[in-house]
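Order of listing sets the numbers, starting from 1, for every ligand and every atom in it. The residues of the chain are indexed from 1 along the displayed sequence.
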Amino acid sequence: MRDIFLRACKGEKTTPVPVWFMRQAGRYLPQYQKIRGKADFLTMCKTPELAAEVTLQPVDILGVDAAILFSDILIPLEAMGAGLSFVEGKGPVINPPLRSLADLKGLRPIEPEEDVPFVLKTIKILRRELSGRVPLIGFAGAPFTMATYLIEGGTTKSFVNVKRMLFSSPSLFRSVLDIITKVTISYLSAQIKAGVQAVQLFDTWAGVLTRHDFRDAALIYSKRIFDALKKMGVPMIYFVYDGGHLLDLIRLSGADVIGLDWRTDILAALKSLGNDVVVQGNLDPCLMFLEDERLRERIARIIEQGLSAKAHIFNLGHGVLPEVPPERVRLAIDMVHELSS
Ligand code: CP3
């Protein structure tokens with residue numbers, strides 16, 4: 001197997017540097033669109049053959065060094081009893097949103113084998129299909145980010161409902177985070193037992209918090225998940241989007257790898273993290289539109305900075321944009337390999 005991704009996760013400086021991209025399976029790929037034209041997104045997530053097929057597309061087409069399970073962070077919320085849909089042009093919707101103790105009582109813990117069997121089946125198909133190629137990454141949303149979707153009922157710009165609950169009903173908010181944390185531990189354990197070889201916890205919205213509130217409402221729950229999974233022995237990645245002001249706290253999470261968005265240079269991030277850390281990132285997804293030479297310079301700079309960390313996994317600072325031509329993505333991956341060899 002091409003194992004540079006797993007070796008880098010464990011702290012080895014590899015040649016070349018491994019590369020995979022968040023949202024590497026998705027709408028920018030015509031091969032994805034073809035399947036998506038026949039099935040809606042949730043149906044794709046729940047049909048193991050389709051989910052496995054689109055997971056493999058970037059491995060076959062782009063030459064990435066890891067596959068990431070095709071699913072969504074919100075899938076377990078539906079299994080917990082929340083009403084989940086994806087609305088064309090709008091994104092995810094949770095209806096009704098969680099606003100009270102009575103709403104919380106409507107949520108239940110999950111038994112992954114019974115409640116999300118399709119995820120585990122997809123993983124099993126993928127391990128078979130990937131054998132001898134690249135490792136498979138599993139994932140979940142971090143508790144604060146999941147709570148944001150539950151309480152806001154979808155994507156938000158103001159975070160007024162989730163922050164209002166955090167500040168005005170702290171014990172209710174803690175109960176919401178507790179149940180999500182419990183579910184996430186059993187969900188990720190089941191993914192690992194089914195065969196994923198690394199896991200990433202996505203904390204997309206925790207960056208809206210002050211340091212004090214991040215510690216209280218995000219970090220301790222994410223840390224609880226990493227502490228519980230540590231004994232399973234697979235590398236764990238923590239990605240907090242827009243978390244530049246939180247890096248020294250993120251370092252305390254217990255994750256093996258720290259994901260960085262593009263706002264903080266790797267060298268600046270290492271000042272907060274210390275150099276004895278594995279980092280993942282962090283090309284601005286919009287730089288993929290640059291002409292070849294400028295793109296090469298930007299990629300070279302990130303690889304150069306990554307040398308100061310214990311090890312480096314190349315990635316974008318957030319997901320691949322739907323507007324990016326697939327040839328650009330392929331070119332960027334080739335450049336990472338070439339420039340780090
Ligand atoms: O990265 C991968 O290739 C693996 C699959 C994956 C998806 N979503 C597929 C997806 C992963 C790891 C996610 C994580 C996810 N989902 C996050 C955390 C990462 C981040 O982006 O910050 C979040 C916040 C979500 C919630 C979500 N799912 C939103 C806000 C949206 C709508 C926005 C959009 O891009 O359409 C989704 C839908 C979604 N998740 C799509 C895909 C491929 C698009 C579905 C489609 O219309 O075909």
Side-chain angles (χ1 to χ4, degrees), residues 19-47 50-59 61-62 64 66-78 82 84-94 119 122-123 126 134 136-150 152-157 159 162 184 187-188 191 196 198-208 222 237-243 259-263 280-282 285 315-324 326 329:
V19 52
W20 70 278
F21 286 161
M22 294 184 273
R23 285 291 176 90
Q24 63 189 19
R27 285 168 297 190
Y28 75 100
L29 280 177
Q31 294 87 343
Y32 173 89
Q33 293 285 10
K34 195 166 165 227
I35 296 173
R36 179 72 169 76
K38 290 182 243 154
D40 63 47
F41 175 62
L42 269 180
T43 304
M44 282 173 71
C45 292
K46 292 178 186 175
T47 311
L50 295 182
E53 185 176 347
V54 293
T55 303
L56 293 171
Q57 286 175 350
V59 178
I61 301 165
L62 307 172
V64 287
I68 179 160
L69 172 71
F70 186 83
S71 183
D72 198 87
I73 59 166
L74 303 177
I75 292 285
L77 293 182
E78 187 176 46
L84 170 68
S85 55
F86 285 84
V87 179
E88 216 60 54
K90 183 167 176 216
V93 173
I94 302 280
V119 173
T122 305
I123 292 168
L126 282 166
V134 295
L136 177 63
I137 306 170
F139 68 88
F144 180 78
T145 290
M146 301 292 273
T148 298
Y149 279 101
L150 267 179
E152 296 289 344
T155 307
T156 172
K157 286 199 167 75
F159 299 88
V162 63
T184 306
Y187 184 51
L188 286 175
Q191 289 187 33
V196 303
V199 294
Q200 175 155 323
L201 200 60
F202 285 93
D203 221 342
T204 305
W205 301 126
V208 303
S222 295
I237 307 166
Y238 191 24
F239 174 66
V240 180
Y241 178 69
D242 207 355
L260 300 172
D261 76 11
W262 68 87
R263 293 173 181 84
Q280 175 176 279
N282 69 344
N315 205 312
L316 300 179
H318 206 187
V320 180
L321 297 164
E323 298 83 0
V324 177
V329 182

Gln57 side chain vs Gln31 backbone, donor-acceptor pair below 3.5 Å:
yes
Classify the ring geometry between His318 and Phe239 as parallel (under 30°), tilted (30 to 60°) or perpendicular (over 60°).
tilted
Between Asn315 (side chain) and Trp20 (backbone), is there a donor-acceptor pair under 3.5 Å?
yes
Candidates Tyr241, Tyr149, Phe202; heavy atom nearest atom 24 (C) of ligand 1 found on Tyr149
List the atom of Ala51, the atom of Thr122, and the distance in Å for their closest heavy-atom pair.
CB-CG2, 3.7 Å
Heavy atoms, side chains only, cut-off 4.5 Å: are Phe41 and Arg27 in contact?
no
I want to know if ligand 1 touches Thr155 in the polar sense, i.e. an N/O pair below 3.5 angstrom.
no
Can the ring centres of Phe21 and Tyr28 be said to be less than 6.0 Å apart?
no
N/O of Glu88 under 3.5 Å from N/O of ligand 1, yes or no?
no
Can you tell me the protein heavy atom closest to atom 23 (C) of ligand 1 and the distance?
Ile73 CD1, 3.5 Å
Taking all non-hydrogen atoms of both residues into account, name the closest pair between Ile137 and Ala66 and its distance.
CD1-CB, 3.7 Å
With a cutoff of 4.0 Å, is Tyr32 in contact with ligand 1, counting heavy atoms of the residue only?
yes
Assess whether a salt bridge exists between Arg36 and Glu88, defined as any Lys/Arg side-chain N lying under 4.0 Å from an Asp/Glu carboxylate O.
yes
Work out whether the distance between some heavy atom of Leu69 and some atom of ligand 1 is less than 4.0 Å.
yes
Is ligand 1 less than 4.0 angstrom away from at least one heavy atom of His318?
yes
In the protein, what heavy atom is nearest to atom 16 (N) of ligand 1, and what distance, to one decimal place, separates them?
Asp72 OD1, 3.0 Å
Atoms in ligand 1 with a heavy atom of Met22 nearer than 4.0 Å
1 (O)
Could you name the option among Gly91, Pro92, Gly89, Ala39 that has the heavy atom nearest to atom 29 (C) of ligand 1?
Pro92
Just wondering, do Ser222 and Phe144 contact through their side chains at under 4.5 Å, heavy atoms?
no
For atom 11 (C) of ligand 1, find the nearest protein heavy atom and state the residue, atom name and distance (0.1 Å precision).
Phe139 CZ, 3.7 Å
Donor-acceptor pair, Asp261 side chain versus Tyr241 backbone, under 3.5 Å?
no
What protein heavy atom is closest to atom 47 (O) of ligand 1, reported as residue, atom name and distance in Å?
Arg36 NH2, 3.0 Å
Examine ligand 1 and decide if any of its atoms is less than 4.0 Å from a heavy atom belonging to Gly319.
no
Looking only at protein heavy atoms, which one is nearest to atom 18 (C) of ligand 1, and what is the separation?
Thr204 OG1, 3.3 Å
Quick test of your reading of the structure: of Arg23, Met44, Gln33, whose heavy atom lies closest to atom 2 (C) of ligand 1?
Arg23
Return the option from Arg27, Gln200, Lys90 holding the heavy atom at the smallest distance from atom 33 (C) of ligand 1.
Arg27
Identify which one of Leu126, Ile68, Val134 satisfies the side chain to side chain contact (heavy atoms under 4.5 Å, CB included) criterion when paired with Val59.
Val134
Nearest protein heavy atom to atom 38 (C) of ligand 1, by residue and atom, and its distance?
Phe86 CE2, 3.7 Å
Nearest-contact summary for atom 6 (C) of ligand 1 - protein heavy atom, Å
Ser71 O, 3.4 Å
Filtering Phe239, Trp205, Phe41 for the heavy atom nearest atom 10 (C) of ligand 1 leaves Phe41
Plane angle bin for Phe202 and Phe139 - parallel if under 30°, tilted between 30 and 60°, otherwise perpendicular:
perpendicular
